[in-house]
Amino acid sequence: PVTIRLAKTSRGWRTAIQGDPGCPDIIAAKRGVVIGAELKVGRGRATPAQVEWLAAGGLRGYLWYPRDWDQIEAVFAGRM
């Protein structure tokens, strides 16, 4: 399990975590399909640890930006 705590610091908002630092923002499962999705905005990029998680066997990994909304809806509707 991963515990995430959002905190305001002198350098802006930071996310303190306990657990594996590459764990995706969303992990969802339905009918034997497990989805791992890392969410980014702007020019955000996945870290090497996040890429490793998304490529893990048994997990359908996605890197999503707001512009990917149609794909996000299709995945969760079971159309992809």
Side-chain angles (χ1 to χ4, degrees):
V2 175
T3 301
I4 300 173
R5 290 183 292 256
L6 194 58
K8 178 122 178 165
T9 70
S10 61
R11 296 184 303 164
W13 287 97
R14 299 289 184 252
T15 306
I17 67 167
Q18 286 179 288
D20 194 310
C23 186
D25 294 317
I26 296 174
I27 297 178
K30 185 176 181 181
R31 295 188 201 126
V33 176
V34 180
I35 294 169
E38 184 60 35
L39 309 175
K40 299 293 181 186
V41 295
R43 294 184 177 164
R45 296 175 191 236
T47 66
Q50 290 167 336
V51 170
E52 188 176 334
W53 260 93
L54 296 177
L59 182 71
R60 287 191 188 171
Y62 296 93
L63 175 60
W64 282 328
Y65 294 84
R67 65 179 174 263
D68 299 320
W69 191 253
D70 289 341
Q71 181 190 48
I72 295 166
E73 285 184 329
V75 166
F76 283 105
R79 297 190 305 265
M80 291 188 77

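Just so you know, these numbers use all the heavy atoms, side chains as well, and skip hydrogens, waters and symmetry mates. Every value quoted in this text rests on a predicted model; they were computed, and no experiment measured them.
To the nearest 0.5 angstrom, Q50 atom CD is 7.0 Å from D25 atom CG. Taking CD1 from I72 and CD1 from I35, the interatomic distance works out to 11.0 Å, rounded to the nearest 0.5 Å.
Residue Y65 shares its hydrophobic cluster (ILVMFWY side chains chained together at separations under 4.5 Å) with L54, L63.
A ring pair (Phe, Tyr, Trp, His ring centres under 6.0 Å) check over residues 23-47, counting only residues at least two apart or in different chains, returns nothing. Pairs engaging residues 35-52 under the salt bridge (Lys or Arg N to Asp or Glu O under 4.0 Å) rule: E38-K40 [sequence neighbours left out]. Residue pairs meeting the side-chain hydrogen bond (donor to acceptor under 3.5 Å, both in side chains) criterion with at least one partner in residues 69-80, sequence neighbours excluded, are W64-Q71, W69-E73.
Not counting sequence neighbours, the partners of T9 by the side chain to side chain contact (heavy atoms under 4.5 Å, CB included) test are R11, R14. Partners of V34 according to the side chain to side chain contact (heavy atoms under 4.5 Å, CB included) rule, which considers only residues two or more places apart in sequence or in another chain, are I27, A29, L59.
With hydrophobic clusters built from ILVMFWY side chains whose heavy atoms lie under 4.5 angstrom apart, V75 shares a cluster with V33.
Between P24 and A37, the shortest heavy-atom distance links the atoms CB-O, 3.5 Å.
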